[in-house]
Asker: 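What follows is a structure written as structure tokens; I'll ask about it next.
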Amino acid sequence: MVAEYLARHAPASTRWALAGRDPDRLAALRERLGADVALLAADAADRASLHELAHRARVVVTTVGPYLRHGEPLVAACAAAGTDYADLAGEPEFVDRMYLAHHRRALETGARLVHACGFDSIPHDLGAQFTVEQLPEGAPLEVRAFVRVRGSASGGTGRSAIGAFARVRHMAAAARDRSRVEPRPAGRRVRVLRTAPYHEPAVDAWAIPFPTIDPQIVTRSARALDRYGPDFAYGHFVAVKHLPVAAAGVAGAGAALALAQLPPTRQLLECVVKAAGEGPTPQRRERSWFNVRFTGNGGGQRVACEVAGGDPGYTETAKMLAETALCLAHDELPATAGQVTTAAAMGPVLRARLQGAGIRFDVVG
């Protein structure tokens, strides 16, 4: 789907290629696209092929996950080559470990390593930044995001989630290791709001804390950018209309976490999710949508903003990753390097691209 989007929307001046381990499948995709693009051999298990790929490109985007299992060699190759890199990783442990292993090298070579360039976490990262821009500068700010979705997750996303549940201790250890070495902004405070579930009048729904990678991405953007103010707090919630549904969701997540701890029950969980590479039909995607409502407070002002679009897990995620690639390749951007977020590396420039592609960023109150 990313390739299909690029075939339709990349400027004629863009030179791009398809890379993978199966030349026959790449050739079939190229024929289906009707695009005159090069085919490159690249296998996640073959570091030499990834090294060559990174040296031939200015930007590499990858959909090969779960990233904790398959992703590190390509990050290493791009960091060493000074090549910009973007992925769809929503796996906190992977992102933290890539920071520890490759951020310093990417700083030296000028590579921008940008993770979470799909529904995790572009609507939330750029939406929080958009909300901050509507509030006064130099004041303490609080932003809360309330997520509603209608859609289904991919098999790869499901298996990544099960893998994360099974590695909660490893994930916590990676976060602690990163926290020990990552610089903090001098004279500023950035934090994630920790609250119990509550009823939020702004969305007329129950707000359930949503423990995805998104709060980590948003707060890293806030640490990188002074515009978020001297004291920035961010809360991330799923908005659920009815309390019994909210309670069932919390209980289901707890059960999945418990089942993922042991190999036999983890295998049962994997049996109920789609296989990697499987997903909803085009008709199902047509009926899917997402909406994220942001409330912002600070400097005596209050604002409500909204980011909305179509099918979050496939259609819009493919669009977001492809537009990220085009933005990194073509646009005038801030001078950044190392592991950076979409807001810090591209910010309003990427937001304008996504607005032009049909994803809405609106002030609604």
Side-chain angles (χ1 to χ4, degrees), residues 1-11 14-40 42 44 53 57 59-67 70-71 74 84-91 114-124 126 149-161 273-290 307-330 342 346 350 353-360:
M1 292 183 70
V2 175
E4 289 171 353
Y5 188 91
L6 289 170
R8 291 195 303 269
H9 299 287
T14 305
R15 293 195 306 154
W16 62 285
L18 298 168
R21 63 183 177 178
D22 187 329
D24 293 335
R25 291 176 67 187
L26 291 177
L29 175 58
R30 179 173 62 181
E31 182 176 358
R32 179 161 60 85
L33 296 176
D36 182 18
V37 295
L39 304 180
L40 305 177
L53 173 67
V59 181
V60 175
V61 297
T62 175
T63 61
V64 180
Y67 291 94
H70 301 299
L74 183 57
D84 289 343
Y85 163 98
D87 66 26
L88 298 174
E91 304 163 44
V114 194
H115 303 284
C117 297
F119 185 66
D120 286 334
S121 293
I122 282 179
H124 316 105
L126 297 189
V149 296
R150 178 181 178 180
S152 59
S154 70
T157 296
R159 289 171 187 269
S160 293
V273 303
K274 303 180 185 75
E278 292 184 359
T281 64
Q283 293 77 19
R284 177 69 180 273
R285 295 199 303 269
E286 282 291 325
R287 299 192 298 269
S288 299
W289 51 265
F290 77 88
V307 180
D311 170 50
Y314 284 85
T315 307
E316 302 295 49
T317 282
K319 178 188 297 180
M320 292 174 204
L321 183 60
E323 290 291 353
T324 296
L326 295 171
C327 188
L328 290 169
H330 292 301
T342 53
M346 291 164 279
L350 178 57
R353 279 186 166 275
L354 296 175
Q355 288 175 301
I359 295 177
R360 295 192 294 105

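For the single chain, residues carry numbers from 1 onward in sequence order.
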Asker: Quick one: do L350 and T324 satisfy side chain to side chain contact (heavy atoms under 4.5 Å, CB included)? Show the steps, please.
Answerer: CA-CA 7 Å; L350 178 57; T324 296; 3.8 Å; yes

Asker: Taking everything shown except Q355 itself, do over 12 heavy atoms lie less than 6.0 Å from its CD?
Answerer: yes

Asker: Go through the steps for M1 and T63 under the test side chain to side chain contact (heavy atoms under 4.5 Å, CB included), then give the verdict.
Answerer: CA-CA 10 Å; M1 292 183 70; T63 61; over 6 Å; no

Asker: Taking atom CZ as the centre, does R8 end up with more than 12 heavy-atom neighbours from other residues, nucleotides or ligands that are less than 6.0 angstrom away?
Answerer: yes

Asker: What are the two closest heavy atoms between A357 and K319, and how far apart are they?
Answerer: O-NZ, 2.8 Å

Asker: Okay, side chain of D87, backbone of A116: is any donor-acceptor separation there less than 3.5 Å?
Answerer: yes

Asker: Looking at T317 and F119, would you say the former's side chain and the latter's main chain have a donor-acceptor pair under 3.5 Å?
Answerer: yes

Asker: Mind checking whether Y67 and T62 have side chains closer than 4.5 Å, heavy atoms only?
Answerer: yes

Asker: Quick one: does L326's side chain get under 4.5 Å of P11's, heavy atoms only?
Answerer: yes

Asker: In sequence, state the C-alpha distance, the side-chain angles, and the governing distance for T342 and S121, and then conclude on side chain to side chain contact (heavy atoms under 4.5 Å, CB included).
Answerer: CA-CA 8 Å; T342 53; S121 293; over 6 Å; no

Asker: So, for D120 and G90, which heavy atoms are closest and what is the spacing to 0.1 Å?
Answerer: OD2-CA, 4.1 Å

Asker: Which value, rounded to the nearest 0.5 Å, describes the distance between H124 atom NE2 and F290 atom CZ?
Answerer: 7.5 Å

Asker: Do P123 and M320 touch side chain to side chain, with heavy atoms closer than 4.5 Å?
Answerer: yes

Asker: If you look only at distance, which donor and acceptor atoms sit under 3.5 Å apart when one is on a side chain in residues 25-39 and the other is two or more places apart or in another chain?
Answerer:
from: R30; atom 1: NH1; to: V37; atom 2: O; distance (Å): 2.9
from: R32; atom 1: NH1; to: E4; atom 2: OE2; distance (Å): 2.6

Asker: Taking it one step at a time, do V307 and I122 satisfy side chain to side chain contact (heavy atoms under 4.5 Å, CB included)?
Answerer: CA-CA 10 Å; V307 180; I122 282 179; over 6 Å; no

Asker: Looking at side-chain heavy atoms only, is the closest gap between V61 and W16 below 4.5 Å?
Answerer: no

